[in-house]
Structure formats: structure tokens, C-alpha cells
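Worksheet: one structure, shown below.
The sequence lines fix the lettering, A, B, ..., with proteins before strands; numbering per chain opens at 1. Only heavy atoms go into these numbers, but all of them, side chains included; no hydrogens, no water, no symmetry mates.
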Amino acid sequence: MKLGRRLTRKFFAREPDQVARDLIGTFLIRYTADGRRLGGKIVETEAYLATGDPASHSVRGKTARNLSMFAKPGTLYVYSIHAKYCMNVATESEEIGSAVLIRAVQPLWGIQEMSAARRQTDLRKLTRGPAMLCEALGISTVDDGTDLIGCRRLVMRGAEQSQEKMRTGLQVGCGGRIGISVGIDLPLRFYELGSIWLSR
DNA sequence: ACAACGATACCCT
DNA sequence: GGGTATCGTTGTT
């Protein structure tokens with residue numbers, strides 16, 4: 001697996017649906033305290049808009065909880081739900097409350113560690129959902145507000161070449177978002193077509 | 001101080 | 001596909 005460059009501030013400083021689409025096929029990597037690598041390929045994301053999106057946590061403006069959505073693009077927004085955690089990355093620009101939810105990852109590195117963290121040996125159930133992947137990677141609200149640009153412990157990297165995506169036939173599908181009751185008609189969920197690692 | 005509620009997932013069927 | 005455990009955030013007393 002050839003990794004490309006770390007994703008830049010500029011990458012995240014775009015509309016959340018653009019970022020969500022382009023994140024498919026990139027790599028999410030967590031380095032443990034002893035330097036081991038956990039993570040894999042991002043195969044499913046959802047965009048949450050700053051305006052006109054009733055499902056977005058930023059819909060009622062800035063609060064203590066969603067502060068990281070309004071931080072610099074590339075900032076991690078981690079929130080708790082149902083006694084679990086979900087991770088997002090802030091997009092566009094500071095003071096604009098938009099983000100991309102990471103929904104599913106294809107496990108590639110640190111299978112042993114992630115299985116232990118998930119208390120789960122079935123690979124298909126390791127990172128197949130936003131809360132699952134956070135548990136597998138050891139991400140919680142202590143990571144909220146982390147600036148991904150320049151963070152040593154948590155890294156997002158591109159594929160080696162943008163052409164590589166085309167050559168390996170990675171195609172991105174799009175549809176309505178999952179697990180919410182409003183704004184489900186908006187085509188803001190993105191996923192790798194044909195992937196067996198999606199949340200649903 | 002407290003109760004309701006989720007951008008969930010698990011454990012059944 | 002349905003019921004429910006579980007807990008931080010939020011809005012209401």
C-alpha cells in the first residue's frame with residue numbers, strides 16, 4: 001500500500017460535500033503510543049452543511065459542544081452519542097460550521113490492536129460505522145479540537161497519485177444520509193462503490 | 001439538579 | 001427489521 005502526501009489545510013478548506021467526496025479512497029492513520037500504525041482506507045463519509053441543513057449540529061449556531069465545527073478546516077470534531085463517539089473533520093473556514101462525518105473505514109493496519117479495542121474478531125464488524133471506527137482507533141472526546149494538519153498521532157493521507165484512484169477503478173457513489181430524521185433527502189453521503197466495508 | 005434525547009450498534013428474530 | 005442499553009449535552013426547573 002503506497003501512501004501519498006498528508007492532506008493539507010487547503011484540502012479541507014472547501015465545501016463539505018466536495019471534501020466528503022474526495023476523502024473516499026484516502027487513508028486514516030492513528031499512531032499508538034509505541035509507534036504502531038492503526039487504521040485504513042476511508043470508504044464512507046457524510047457531509048454536514050453550515051447552512052440549510054437541519055441535520056447539522058451547527059444548525060442552531062455555535063455552542064460549547066460543536067465549537068470544533070467552527071474551528072480551522074482540518075480540525076477534528078468528536079461528539080458523543082448513545083454512549084459512543086463519532087468523528088468529523090471541520091471544513092470550509094474558521095467560523096463556518098460545516099464538517100464531514102467519517103462513517104466507515106476499510107481496515108488495513110493494526111488489525112490486532114483494533115480487534116482488541118473493539119473486542120471483536122470479525123473484520124467486517126471492526127470499523128463499519130462511525131462509532132465502531134472511533135472505538136477501533138481509540139478516538140474519543142479527548143481528541144475533539146485536534147488540528148489534523150501537523151498532528152503526529154492522527155494523520156490523513158492521500159493515495160500515492162490521484163491517477164491511482166482512476167487506475168484501480170475506485171468509483172464514488174452518492175446518496176441520502178443515514179441515521180437521521182431530517183435532511184435525509186440531501187445527497188450528502190458518499191461511499192466507495194462495491195466496497196464490502198460500508199456501514200450499510 | 002434533572003430528565004429527555006440522539007449523525008449508534010448490538011442482539012435477537 | 002425491531003427493541004434497547006448507555007451517557008454526554010442540552011434545555012428546563
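Against DNA chain C, the stretch residues 173-189 of chain A makes no heavy-atom approach under 4.0 Å. Near DNA chain B, meaning a heavy atom under 4.0 Å from it, residues 127-149 of chain A has Gly129(A), Pro130(A), Ala131(A), Met132(A) in order of number. Annotation: proximity of residues 66-87 of chain A to DNA chain C (heavy atom, distance under 4.0 Å) is found for Ser80(A), His82(A), Ala83(A), numbered in ascending order. Residues from residues 98-117 of chain A placing a heavy atom under 4.0 Å of any atom in DNA chain C do not occur.
Judged by distance alone, the side chain of Thr45(A) and the main-chain N or O of Val100(A) form no donor-acceptor pair under 3.5 Å. Not one N or O on the side chain of Thr146(A) forms a donor-acceptor pair closer than 3.5 Å with the backbone of Leu148(A).
A salt bridge links Arg177(A) to Asp53(A): at least one charged side-chain nitrogen sits closer than 4.0 Å to a carboxylate oxygen. Salt bridge Lys72(A)/Glu94(A): absent, no basic N to carboxylate O contact under 4.0 Å. Arg200(A) and Glu44(A) are not joined by a salt bridge, as no carboxylate oxygen comes within less than 4.0 angstrom of a charged side-chain nitrogen.
If you take CZ of Arg65(A) and P of dA7(B), they are 7 Å apart, rounded to a whole angstrom. Between the CG atom of Leu126(A) and the P atom of dA9(B) there is a distance of 13 Å, given to the nearest Å. Computed from coordinates, the Lys125(A) NZ to dC11(B) C1' distance equals 9 Å when rounded to whole Å. Straight-line distance from the CZ atom of Arg60(A) to the P atom of dC5(B): 15 Å, rounded to whole Å.
Side chains of Val155(A) and Phe27(A) form no contact here, defined as non-hydrogen atoms less than 4.5 Å apart.
Placement of Ile178(A) and Val59(A) in two distinct hydrophobic clusters is found when ILVMFWY residues are connected by side-chain heavy-atom separations under 4.5 Å, directly or transitively.
At dG1(C), none of the side-chain N or O atoms of Arg200(A) fall inside 4.0 Å of OP1 or OP2 (strictly under the cut-off).
A donor and an acceptor atom, one from each side chain of Arg103(A) and Ser199(A), are located under 3.5 Å apart. With hydrogens and angles left out, the side-chain atoms of Asp147(A) and Thr75(A) include no donor and acceptor closer than 3.5 Å. Defined by atom type and a distance below 3.5 Å, a donor-acceptor pair is present between the side-chain atoms of Thr63(A) and Asn66(A). Side-chain atoms of Thr91(A) and Ser98(A) include a donor-acceptor pair closer than 3.5 Å.
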Taking Watson-Crick and G-U wobble contacts under 3.5 angstrom, with | marking pairs to another strand and [ ] crossing pairs, the secondary structure of DNA chain C is written |||||.||||||.
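Within 6.0 Å of CD in Glu95(A) there are more than 12 heavy atoms belonging to other residues, nucleotides or ligands.
You'll find the ring centres of His57(A) and Tyr79(A) inside the 6.0 Å limit.
Seen from the ring of Phe11(A), Arg9(A) does not count as a face-on cation partner, given the 6.0 Å and 45° thresholds.
Here Leu67(A) is tied to no hydrophobic group at all, with no ILVMFWY side chain closer than 4.5 Å.
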